[in-house]
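Report on the structure given below.
Excluded from the calculations below are hydrogen atoms, water molecules and symmetry mates; all remaining heavy atoms, backbone and side chain alike, are included. We name chains A, B, ... by the order of the sequence lines, and we start the count at 1 in each one.
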Amino acid sequence: MNLTDILGDWKRSHYCGRISTADIGREVCLMGWVQRRRDHGGLIFIDLRDRDGIAQLALDPDRDPDAHGKAERVRGEFVVAVKGIVSARPEGTVNPKMATGEVEVEVRELRVLNSAQTPPFMIEDYADVAENVRLKYRYLDLRRPSLQGNILLRHRVSQTVRNYLNDHGFIDIETPILTKSTPEGARDYLVPSRVNPGTFYALPQSPQLFKQLLMVSGFDRYYQIVKCFRDEDLRADRQPEFTQIDCEMSFVDRQDIMDIMEGMIAKVFRDALGIELTLPMSRLTYAEAMARFGVDNPDLRFGLELVEISALVKDCGFKVFADVVAGGGIVKLLNAKGCAGFSRKELDDLTEFVKIYGAKGLAYVKVQADGSWQSPIAKFFTTEEMDRIGSAAGLEPGDLLLFMADTWKVTNESLGRLRNLLGQKLGLARKDDYRFVWITDFPLLEWDGETRRHVAVHHPFTAPLDEDLPLLATEPGKARAKAYDLVLNGSEIGGGSIRIHDRDVQNKMFSLMGIGAEEAEEKFGFLLNALAYGAPPHGGIAFGLDRLIMLLTGSDSIRDVIAFPKTQKATCLMSEAPGEVDDLQLRELSIRRAIRSK
RNA sequence: GGGGCUGUAGUAGAGUCGGUUACAACGCCGGCCUGUCACGCCGGAGGUCGCGGGUUCGAGUCCCGUCAGCCCCGCCA
C-alpha cells in the first residue's frame, strides 16, 4: 500500500526556523523532515526540520482527525508538508531552548510526501557516531544541524569573498582542470588521454601558471574559487582535493596584495562571525619567526618564546651542548612558566613528543622556590653560566626550562612543536582568539642534499627581493623571496608571492634548480615565451578555503567542512571511489594494469 | 614506507582472572497515554564480538596475521 501523498500545488510559505509570534493567526505551509514525533495518544507533536531550523507541529484529533490519523503513521525522517495556523503556545508550554519555542503550528492538513527507513544513526548533533558510519551515509550525516551549519557558513564565506573581490576589480576566470604535469611540487593526479595514446593530463595542483598567463593577457586582476589536486597523504587538515581562493594582480608589490587581502579576511570575519579584526595585521620575517617560535607558522595567542643560548653554552662543561654548537648545531630553551611541578611522567611524555621530530632528547631544569636548579644537568654548569642562562630565559622560581640541542632544523621544529603542545596543555590558546600574522622574507631556495640541487621554497616562479638579486650569482641559498604567508593561530591559511616577470631571471631560477634550458623549454616553454611578450609585474596569493572554514567553525577535521570528503586512505566510503573499471575502458585509453586489485 | 589508538545488537558503550544462555542504555516494533519538546509508562524483537588462523577441555577475553576508521612522522613547490 502506498501511503504517500502528492505535493500537488502546495507552495511552501516559510522555512521552519522562520515562524515567530509575528505570524500568529496566519496560515502557513511548511515542508521538511520529521525530527521527532511525540504521540500522547490524543495529541501528537511533530518537530519538523528543514535547513533553517525546527518548528513544532501540533495535531489535535478533535480539530482535524484526518491529519492526526496520518501523523500516527509518520516516523522519523519522513518527509511531510503541512498547512496550518501559527498559534501561541499555551501558558507554561513555551520552550525557551527552541528558536521557535513560543509558537507552534496547529495543523489543518498534512501530506506525507515520502516515507523513510529508520536511519542508521540519529540525526542529532549529540549523537556520537563513528566517522566511517557517518561517511558511508554522508547524506544523512549532512542533515545534522552542526554539519549543515558548517556547509551553510562555507557558502556565506564564499559569497563574501566573491563580493569583496568583485568590488575590488577582480575577474572570475576559469582555468583548465585537464592540464599538463610539471616537475616540482606535489605528486600529480593523472588522467590518460584517449585521443593521444600514451600521454596524460595532470589535474592542477593550483592554477599557478594559468593565472600568471592571465596577467600577461592583461586581465589585471583575477580570482577563482577553485578545486586543486595533490596526490599526497592525508591529514586532519589535508584532503587530496581541496579548494583555494586563488588571486593574482598586476602592477603591484607585496604591500598592495597584503593590504587588499587582509581587507578580504576582515570582511569574512565580520560577515561570518561578527568579529572586527584590527588592521593592519602583524608581520614577522621568516628569520624572526624561526628564532622566536621555531616554526614559520607561529601561534601568537601565547608567549613561551624560544631563546637561543648557543653562545652561552659553547664552552660549558656539559659536553652534549658544547659538542652540538661545535658541530654547527644550536641550543635553544623554552621557559615553561610555572611548570616546575611537572611530574616525571609528564616530562617523559614531552621527551617522547619531541622524538617524533627527530630530537634525541630533552633536557630540563626545575627552578626551586629559592631559585636553585633541580636538574640532572645542573652539575655541569657554573653558577655564572646558570645566571646567564637564567637571565636570558627570564627565569623565576617555579619555572621549568626545557632545552634542545641539535641541528638548526631539528632544534627549531621539535621545540617549536613542543611550544604548541604546551600552549594547548596549559590552556593558553583560546579558540575564539584570532591572531593573524604575515610571515615575510622567506628564503627563495633550499638546498636538497639528496638530489644535490636547489629547490624552490615557495615555487619556481617566485621573485627574489630586489636587493638579493645579485646573490643568485654568488650565494643563492642566502637570497630571500618576495613571498608571504598568512598565518592564523598556528595554521597557514594562505600564501603567495610576487612573481618573476623577467624571462632572464626566470631562466636563472630554473638553472639554479637544476632544470636545464632544454627541460625548462619543454616543461614551461609557454610561460617563458609569454614572459618575453611584455609580462607586467604581478603577484598573487591563494587561501585554503577549507582550512579557513575549519578555523571559523572551530572544526577539528577538514572533513567537517567538506560536503563529501575522503578518508585517510583517500577513498569515499559513500560512493566507494576509487573503483575498478572495465577492460574496455582501459583498452580505449591504451592502459594496461600492472596490478589487479582485490 | 613507519609509529600509535580504535573495532562487541541499528548506534554508542560495559563485559572482572579464559568458564553456564554476551549485559543495561539510546534507537526500532507493539500497546497505553490530550501539552509534550532528547515526552512518559508497559511489553517485545534485534548479535558473523571486524575478518582469518593459533594456543586451550573451553576464546569477546590470550597470541599471530589481516582489513577498516582515526591521529601523527615521512610526503604536501
Regarding A:R37, tell me which of base, sugar-phosphate or nothing describes its non-hydrogen contacts under 4.0 Å with the strands shown.
nothing

For A:K345, is there an ion pair with A:D348 - N to carboxylate O distance below 4.0 angstrom?
no

Base-pairing assignment for B:rA9 (Watson-Crick or G-U wobble, both under 3.5 Å):
none

Cationic N near anionic O, under 4.0 Å, A:R254 to A:D441
yes

Nearest-neighbour nucleotide for the A:M98 side chain, B:rC73, B:rC70, B:rC37 considered:
B:rC37

Tell me: NZ of A:K566 to C1' of B:rG69, nearest whole Å?
16 Å

What's A:F461 touching, base or sugar-phosphate or nothing? Going by heavy atoms closer than 4.0 Å.
nothing

Starting at CD of A:Q35 and ending at C1' of B:rU36, how long is that distance when rounded to a whole Å?
15 Å

Could you state the atom-to-atom distance from NE2 of A:H68 to C1' of B:rG35 in whole Å?
13 Å

I want to check one thing: is the phosphate of B:rA38, taken as OP1 and OP2, less than 4.0 Å away from some side-chain N or O of A:K97?
yes

Taking atom P in both B:rG58 and B:rA68, compute the distance separating them and give it to the nearest angstrom.
32 Å

Is any NZ, NE, NH1 or NH2 atom of the basic residue among A:K508 and A:D502 found under 4.0 Å from an Asp or Glu carboxylate oxygen of the other?
no

May I ask which nucleotide in the shown strands pairs with B:rC76, Watson-Crick or G-U wobble, both distances under 3.5 Å?
none

In whole angstrom, give me the gap between the P atoms of B:rG27 and B:rG40.
7 Å

Using Watson-Crick geometry (N1-N3 plus N6-O4 or O6-N4) or G-U wobble (N1-O2, O6-N3), each under 3.5 Å, B:rC70 is paired with B:rG4

Mind checking A:Q56 for me? I need base, sugar-phosphate or nothing, with any heavy atom below 4.0 Å counting as a touch.
base

Please work out if A:N95 contacts a base, only the sugar-phosphate, or nothing of the nucleic acid, heavy-atom cut-off 4.0 Å.
base

Among B:rU34, B:rG27, B:rC71, which nucleotide has an atom closest to any side-chain atom of A:D62?
B:rU34

Starting at the 5' end of RNA chain B, which residue's closest nucleotide do you reach first, A:R187 or A:V94?
A:V94

B:rC49 and B:rC5: how far apart are their P atoms, nearest whole angstrom?
24 Å

Taking the C1' atom in each of B:rC39 and B:rU34, what is the distance between them to the nearest angstrom?
13 Å

Taking a pair to mean Watson-Crick or G-U wobble geometry with both distances below 3.5 Å, B:rG43 pairs with B:rC29

With rounding to the closest Å, how many angstrom separate the C1' atoms on B:rU11 and B:rC17?
31 Å

B:rC76 base / A:R230 side chain donor-acceptor hit below 3.5 Å:
no

Hey, what's the ring geometry for A:F526 with A:F210, parallel, tilted or perpendicular (30° and 60° as the breaks)?
tilted

If you measure from the Lys or Arg side-chain nitrogens to the Asp or Glu carboxylate oxygens, is any gap between A:D47 and A:R38 under 4.0 Å?
yes

Could you state the atom-to-atom distance from CD1 of A:I44 to C1' of B:rG40 in whole Å?
15 Å

Given B:rU34, B:rA38, B:rC73, the nucleotide with the shortest approach to the side chain of A:D60
B:rU34

Which label fits A:Y137 and A:Y139: parallel for a plane angle under 30°, tilted from 30 to 60°, or perpendicular past 60°?
perpendicular

Pairs under 3.5 Å (N/O, protein and nucleotides 5-10 of chain B):
unit_1, atom_1, unit_2, atom_2, d
B:rG10, O2', A:P120, O, 2.7

For B:rC71, does OP1 or OP2 lie under 4.0 Å from any side-chain N or O of A:R559?
yes

Salt bridge flag under 4.0 Å for residues A:R108 and A:E106:
yes

Between A:R75 and B:rG30, is there a contact of a side-chain N or O with OP1 or OP2 at under 4.0 Å?
yes

Could you tell me whether A:T93 contacts a base, only the sugar-phosphate backbone, or nothing, with contacts defined as non-hydrogen atoms closer than 4.0 Å?
base

Name the orientation class of the two ring planes belonging to A:F229 and A:Y189 (parallel below 30°, tilted from 30 to 60°, perpendicular beyond 60°).
perpendicular

Can you establish whether the number of heavy atoms outside A:W438 located under 6.0 Å from its atom CH2 is more than 12?
yes

Checking all strands, does A:T462 fall into the base, sugar-phosphate, or nothing category for heavy-atom contacts under 4.0 angstrom?
nothing

Ranking B:rA68, B:rC73, B:rU36 by distance to the side chain of A:R38, first place goes to B:rU36

Just the rounded figure in Å: distance from P of B:rA38 to CZ of A:R144.
17 Å

Mind calculating the distance between OH (A:Y189) and C1' (B:rC75) to the nearest angstrom?
13 Å

In the strands shown, is B:rG65 matched to any nucleotide by a Watson-Crick or G-U wobble pair with both distances under 3.5 Å, and which?
B:rC51

Think A:T571 has a side-chain N or O under 4.0 angstrom from the OP1 or OP2 of B:rG69?
yes

Taking any heavy-atom pair under 4.0 Å as a contact, classify A:E104: base, sugar-phosphate, or nothing.
base

Atom OH of A:Y126 and atom P of B:rU11 are separated, to the nearest Å, by 16 Å

Between B:rA24 and B:rG44, how many Å separate the two P atoms, rounded to a whole number?
11 Å

In whole Å, measure the gap between the C1' atoms of B:rU20 and B:rA25 for me.
25 Å

Looking at A:K70 and A:E109, does any basic side-chain N land under 4.0 Å from a carboxylate oxygen?
no

Would you indicate which nucleotide in B:rC75, B:rU36, B:rC33 comes nearest to any side-chain atom of A:R89?
B:rU36

For nucleotides B:rG1 and B:rG46, find the distance between their C1' atoms and express it as a whole number of Å.
43 Å

Test: ring-ring contact (aromatic ring centres under 6.0 Å, His included). Region: residues 61-91 of chain A. Which pairs qualify, not counting sequence neighbours?
none

Side-chain contact, heavy-atom cut-off 4.5 Å: A:L469 with A:V505?
yes

Look at all strands and tell whether A:D233 reaches a base, only sugar-phosphate, or nothing, counting heavy atoms closer than 4.0 Å.
base

Measuring from the side chain of A:L43 (C-beta onward, heavy atoms only), which nucleotide among B:rG35, B:rC37, B:rC76 has the closest atom?
B:rG35

Quick check for you: among B:rG74, B:rA12, B:rU34, whose closest atom lies nearest to any side-chain atom of A:P61?
B:rU34

Can you tell me the base-pairing partner of B:rC37? Count Watson-Crick or G-U wobble geometry only, both distances below 3.5 Å, and say none if there is no partner.
none

Answer with base, sugar-phosphate or nothing: what part of the nucleic acid does A:V455 contact at a heavy-atom distance below 4.0 Å?
nothing

Assign each of A:Q208 and A:S557 to its nearest nucleotide of RNA chain B by heavy atoms, then name whichever residue's nucleotide is nearer the 5' end.
A:S557

Given B:rC70, B:rA12, B:rG74, identify the nucleotide with an atom nearest to the side chain of A:Q568.
B:rC70

As a test of reading the structure: which of B:rC76, B:rC72, B:rG74 is closest to the side chain of A:E232, going by heavy atoms?
B:rC76

Look at the side chain of A:L573 and decide which nucleotide, out of B:rC72, B:rU36, B:rG69, has an atom nearest to it.
B:rG69

Integer-rounded Å distance: B:rC73 P and A:L421 CG
12 Å

Would you indicate, yes or no, if B:rC71 has its OP1 or OP2 atom less than 4.0 angstrom from a side-chain nitrogen or oxygen of A:R235?
no

